[in-house]
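Data block below; observations after.
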Amino acid sequence: MNSHYRVVVIGGGVVGTSVLYHLAKLGWTDVALIERSVLTAGSSWHAAGGFHALNADPNIAALQAYTIDLLSEIERESGQSVGMHMTGGLTLAGTEARWEWLQSAYRVFQTMGIEDVRLVGPEEAGALCPVMSTEGILGGLWADREGYIDTTGTVWAYAGAAKKHGATVIEHNRVLDLNQTAEGWQVVTEKGTISAEHVVNAGGLWAKQVGRMAGLELPVSPLEHHYLLTETIPEVAALERELPLVVDLEGFTYMRQDQKGMLLGIYEIEHKHWMMDGAPWDYGVELLQEDVDRISHELELGFNRFPCLQTAGVKTWVNGAFTFSPDGNPLVGPVRGKPGYWVACGVMAGFLQGGGVGKSLAEWMIHGEPEADVYGMDIARYGPFAANRDYIKQTTGQFYTRRFVMTYPNEQLPAGRPLKMAPAHDAMTEAGCRWGVSWGLEVPLYFAPKDFVETPTLKRSNAHDLVAAECAVVREKVGLLDISGFSRFEVTGPNAEAWLDRVMASRLPKPGRARLAPMLSSQGKLKGDLTVFNWGDGRWWIMGSYYLREWHRRWFADCGGDGVHIEDLSDRIVGFSLAGPKARQVLERVTHQDVSDAALPFMGCGAFDVGLIRASIGRLSVAGELGYEIHCEASEHIGLRRLLLEAGADLGIREYGFNALLSLRLEKSFGIWSAEFTQGYTPRMTGMDRWIDWSKPDFAGRDAALAERDGPAPAKVQVTLAIDALDADASGYEPVWHAGRNIGFITSGGYGHTVGQSLAMALIDPAHAAPGTELSVHVVGVERPARVIAASPYDPSGKAMRQ
Ligand SMILES: Cc1cc2nc3c(=O)[nH]c(=O)nc-3n(C[C@H](O)[C@H](O)[C@H](O)COP(=O)(O)OP(=O)(O)OC[C@H]3O[C@@H](n4cnc5c(N)ncnc54)[C@H](O)[C@@H]3O)c2cc1C
């Protein structure tokens, strides 16, 4: 063991060894992995070793596909067998909705270019898995590249391949503590102290404690998980080829062959947390006591699905623990305020995702950012609120229990809620508000009569008409929207302007003006679709998506800068937006100041008296109407709402929610983050380049953005589509076809209530981007005609916003 390494990876499970391998492979060879016991001594040794293709987040599905391809590579590089059984796999649908969902998922695989996946009917499913009863099965998704591996062999293969690239593995040496230094981290271990520029927390079952060593309370918790292994089963032993991996979603079980018997794993409906503060340090390579009573219902379903299990002898019960984050995806990346501390934990399916996690983290550490859009597993998708123990318990428990339960896009789940509420929350609830959640904050979705219950569905829901009515109010009269769910950062100090000018790719607004401002990474990819306000008194605001607060704050911190102070006002400053042709009339009634177009023009901003409130107003509107965003202190939120509703009562004012806003913005072809804009996309492919000030001598990402501007046309460009939809709208990642060829994919979709048309935005091959081009799109698995239309089907000249 040396006294210094560039990187110390803490933890020798599948995740730590994968990080080590990728770092060394990418050229950082002065790296060491330190393991408390022996490699695999956490969750990894007793995993079922299954890997499969499906994930609700296509970016994570792509990283899973990468992991599957990697397994044979590490076997070759290390000379260590991973015990590969590429049996193929079947995911079953036992309800109509699930079958629709699988058909949609199949189309998303097509978008991703994964072609070894196909839909099968019940009969074929039965033929593919002859020991399975197909009773109640409507269909399934077959994937060639699914199966299982030997878990210990795989960890050794990662470690062996890493060592061949020059990395070091040190076993039987617990990391006792971490101390931050000017150069990085002091790693205190049982065998001595090491200095390192970077440390990686790949502590798995102990990730919580390794987080606390750096003063972090990570949102992870272990939960128990059962599977059983049978003795030899004659029906299985008699087969000529190995059984496929079968995931029976409605049965809460997964199955694979194990020697001449079977392995049946259970996602327990009645979940059980284990050691929420992390495993004990003396926890060895041991199993937990099985609890057959707790899983008897799921076992019964499993034994009915695979009848030969009913007479099979159980060789071994495995009850083990592994860690979960609140949404079940890994926690990866750097942590704000802890330079050189990286996390790679909360990895629920390490053998399926470990390769992608290792690749992304190594790229991040070496190149400054990962190649793919990994927001779905970025630690920064959570904020300080997620450190709360009950929040962790409720959300991880909910995820575990629902692991195989169908979640509809319009479904609201209860765990960890309500957590944060804007002051007017209760009054809005009284008015019929139905809530969604963004980064722990309750945000309004739509308003409904008290007895209205929205039906979970993949198609248009029974809230469709309610949302239509809200859209109509905004287009024809005036709507009021609670805009507490946006982030607001105040930038001040002698170098505030210079800092903003360097961080934003756009020109900065003049005093009393606001401007749309793209923010780019050093590699020229999108980092934000923000709005910058210049209040004219030395204060600047950056407004963006509420749920990206920690992500943006980490980036702002990375951008450094003396003489600049950035304060996150998002929970202190809240507000309401007025939008619609009568918005000015309402505002005029509550302010003595001039709010005419001349005094407060489109994209203008300033301080105004609104009733008794000293408000900050920006004249802009995501809905594409005459609009005012009125910001106030949280203590004034209730009063502002009451004042505006009273002032607009005879003008037909009504409250609306974000469901309507999403429809209204689609009619304007206004993109949003996580759909049209992501960190995987560039300015030119998304049209963000029109906001870039190319005359600026310097801004973050300038060289890469210039290279893109002057280079060949991007492979995909953003377009708006009209879809001849039936009873469902596109949502995202559905493939777009031209004459049977996949030419791109949907970034977001919905119904345009004003234009009376199902709409979508898409990234497609520029050769087919001309308005009028006839295309087709799969919507909830059904192919529908679509055509490219000119951007902004509602009010293309933007007159309404500027009146
Ligand atoms: C019953 C069961 C079935 C499963 N089935 C599957 C499956 O089919 N497919 C799949 O992909 N996944 C499966 N999993 C999940 C899988 O096991 C985990 O996702 C994976 O093992 C996580 O790996 P890890 O490296 O993050 O953590 P761990 O395997 O827990 O490794 C962490 C390591 O860090 C070490 N460590 C911690 N703290 C320190 C310290 N302070 N100093 C030094 N070393 C330290 C520990 O000793 C340990 O070896 C299953 C898990 C269980 C329990």
Side-chain angles (χ1 to χ4, degrees), residues 8-20 32-52 64 67-68 71 89 146-149 151-152 154-155 158-159 169-178 187-191 199-213 220 222-229 245 247 254-256 263 265-268 274 278-285 287-288 290 316-325 328 330-332 343-358:
V8 167
V9 178
I10 304 167
V14 64
V15 175
T17 50
S18 168
V19 172
L20 189 77
L33 181 148
I34 300 188
E35 164 55 44
R36 174 191 66 104
S37 169
V38 291
L39 293 181
T40 77
S43 298
S44 296
W45 71 274
H46 54 323
F51 56 85
H52 58 101
Q64 292 180 176
T67 305
I68 296 170
L71 292 167
E146 295 194 348
Y148 65 97
I149 34 84
T151 55
T152 302
T154 299
V155 175
Y158 274 121
V169 173
I170 301 157
E171 290 179 291
H172 301 291
N173 186 22
R174 172 148 77 94
V175 172
L176 303 170
D177 206 357
L178 294 169
V187 184
V188 184
T189 78
E190 286 173 334
K191 292 185 180 164
V199 290
V200 178
N201 176 355
L205 289 176
W206 295 264
K208 196 92 174 175
Q209 291 101 310
V210 179
R212 285 183 182 148
M213 289 177 193
V220 283
L223 280 110
E224 291 187 13
H225 180 73
H226 284 83
Y227 65 80
L228 64 83
L229 296 164
L245 181 81
V247 177
Y254 57 88
M255 185 284 296
R256 69 162 170 85
L263 178 154
I266 297 112
Y267 267 95
E268 299 92 332
W274 182 77
W281 287 118
D282 61 357
Y283 179 65
V285 175
L287 294 174
L288 308 175
E290 72 268 18
T316 316
W317 281 102
V318 174
N319 182 19
F322 55 120
T323 47
F324 289 79
S325 72
L331 296 175
V332 181
V343 293
C345 56
V347 186
M348 171 195 69
F351 293 90
L352 174 62
Q353 300 175 333
V357 167

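Start at 1 and go down the list; that is how both ligands and their atoms are numbered. Quick note: numbers below take in every heavy atom, side chains included, and nothing from hydrogens, waters or symmetry partners. Since this is a predicted model, take the numbers as computed values, not measurements.
Taking only nitrogen or oxygen atoms, main chain and side chain alike, Asn173 does not reach within less than 3.5 Å of ligand 1. Taking any N or O of Ile10, backbone or side chain, none lies under 3.5 Å from an N or O belonging to ligand 1. Remark: ligand 1 and Met348 share an N or O pair separated by less than 3.5 Å (distance only, no angle test). Annotation: Glu35 places an N or O atom under 3.5 Å from an N or O atom of ligand 1; distance criterion only.
Nearest non-hydrogen protein atom to atom 8 (O) of ligand 1 is Gly50 N, 2.9 Å.
Counting only non-hydrogen atoms, the option in Ser43, Gly203, Ala321 that gets closest to atom 32 (C) of ligand 1 is Gly203.
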His226 and Glu290: CA distance, side-chain angles, deciding distance, side chain to side chain donor-acceptor pair (under 3.5 Å) verdict = CA-CA 7 Å; His226 284 83; Glu290 72 268 18; over 6 Å; no

Atom pairs and distances, donor-acceptor, side-chain atoms in residues 343-358, under 3.5 Å, two or more places apart:
unit_1	atom_1	unit_2	atom_2	d
Gln353	NE2	Gln64	OE1	3.1

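Ligand 1 is never approached by Trp45 to a heavy-atom distance shorter than 4.0 Å.
Proximity of Trp206 to ligand 1, defined as any heavy-atom pair under 4.0 Å, is confined to the side chain (atoms from C-beta onward). If you look at Tyr227 next to ligand 1, the close heavy atoms, those under 4.0 Å, all belong to the side chain.
For Tyr227, there are no ring pair (Phe, Tyr, Trp, His ring centres under 6.0 Å) partners at least two apart in sequence or on another chain.
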